[in-house]
Undergrad: 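Take a look at the following structure, please.
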Amino acid sequence: MNNLNLMQFMKYNKVIVKPGKRDDVTEAILEFFKVVQTKDTKMKGFIVMNSLEDHSECIVLTFWETKKDMDEFYQKDNRLLSDLVEKLKPSFEIMPERKSYQVSDFKI
């Protein structure tokens with residue numbers, strides 16, 4: 001089975017946190033995804049990565065079958081997502097940067 005059929009779009013989220021806050025932010029993000037997985041969000045998967053070089057940086061990738069599903073999840077009126085951002089805002093050095101991508105190939 002070709003994984004590319006299930007994950008054709010990706011949202012890149014770069015989070016820069018204040019010193020000493022990354023572990024707390026990472027824990028909150030992982031808890032958020034536990035809740036997301038119980039909802040009908042159509043998200044196909046995610047990756048949460050903490051930089052080994054920069055202890056203030058966390059990268060979150062989410063994977064989607066359609067651009068429409070991805071765009072719907074990242075709308076401002078998504079209460080689940082906006083509640084997470086509000087909760088973590090005091091820990092952010094700057095607000096998260098988000099970019100959308102179309103996946104050319106994906107293998108594990």
Undergrad: Excluding sequence neighbours, so at least two apart, what forms ring-ring contact (aromatic ring centres under 6.0 Å, His included) with F32?
TA: none
Undergrad: Report the distance from atom CZ of F92 to atom OG of S56, rounding to the nearest 0.5 Å.
TA: 12.5 Å
Undergrad: Rounded to the nearest 0.5 Å, what separates atom CG in L61 from atom CE in M7?
TA: 11.0 Å
Undergrad: Could you measure the distance from the CD atom of Q8 to the NZ atom of K44? Nearest 0.5 Å is fine.
TA: 11.0 Å
Undergrad: Do NZ/NE/NH1/NH2 and the carboxylate oxygens of E93 and K18 come within less than 4.0 Å?
TA: no
Undergrad: Can a side-chain donor-acceptor contact be found between S91 and D24 if the only test is distance below 3.5 angstrom?
TA: no
Undergrad: Would a hydrophobic clustering, with Ile, Leu, Val, Met, Phe, Trp and Tyr connected at side-chain separations under 4.5 Å, put M43 with M10?
TA: no
Undergrad: Is it true that F63 and M49 fall in one hydrophobic cluster, defined by side-chain heavy atoms closer than 4.5 Å?
TA: yes
Undergrad: In the hydrophobic cluster built from side-chain contacts under 4.5 Å, what are the other members alongside I16?
TA: I94
Undergrad: Linking I/L/V/M/F/W/Y whenever any side-chain heavy atoms sit under 4.5 Å apart, do V17 and I59 land together?
TA: no
Undergrad: Tell me every residue that passes salt bridge (Lys or Arg N to Asp or Glu O under 4.0 Å) with D23, counting only those two or more places apart in sequence or in another chain.
TA: none
Undergrad: Can you name the residues that form a ring-ring contact (aromatic ring centres under 6.0 Å, His included) with F73, not counting sequence neighbours?
TA: W64
Undergrad: Nearest 0.5 Å, please: how far is CG in L84 from CZ in R79?
TA: 12.0 Å
Undergrad: List the steps and the verdict of side-chain contact (heavy atoms from CB on, under 4.5 Å) for V60 and I47.
TA: CA-CA 6 Å; V60 178; I47 299 174; over 6 Å; no
Undergrad: As an exercise, state the distance from OG1 of T62 to CZ of R98, rounded to the nearest 0.5 Å.
TA: 9.0 Å
Undergrad: List for me each residue that meets ring-ring contact (aromatic ring centres under 6.0 Å, His included) alongside F33, sequence neighbours excluded, and say none if there are none.
TA: F46
Undergrad: I'd like to check V35 versus L80 (side-chain heavy atoms, cut-off strictly below 4.5 Å). Are they in contact?
TA: yes
Undergrad: Apply side-chain contact (heavy atoms from CB on, under 4.5 Å) to residues S100 and M70 and explain how you reach the verdict.
TA: CA-CA 9 Å; S100 300; M70 180 177 68; 3.7 Å; yes
Undergrad: Is there a side-chain contact between K76 and S82 in this structure, where contact means two heavy atoms from C-beta onward sitting under 4.5 Å apart?
TA: no
Undergrad: More than 12 heavy atoms of other residues, nucleotides or ligands under 6.0 Å from NZ of K11: yes or no?
TA: yes
Undergrad: Roughly how far, to the nearest 0.5 Å, is CG of D71 from OG1 of T66?
TA: 8.5 Å
Undergrad: Assigning hydrophobic clusters by single linkage (Ile, Leu, Val, Met, Phe, Trp, Tyr; side-chain heavy-atom cutoff under 4.5 Å), is V48 placed with Y12?
TA: no
Undergrad: Whether the N13 and Y74 side chains hold a donor-acceptor pair (N or O, under 3.5 Å, no angle test) is what I'd like checked.
TA: yes
Undergrad: Which residues satisfy the salt bridge (Lys or Arg N to Asp or Glu O under 4.0 Å) test with E57, sequence neighbours excluded?
TA: K14
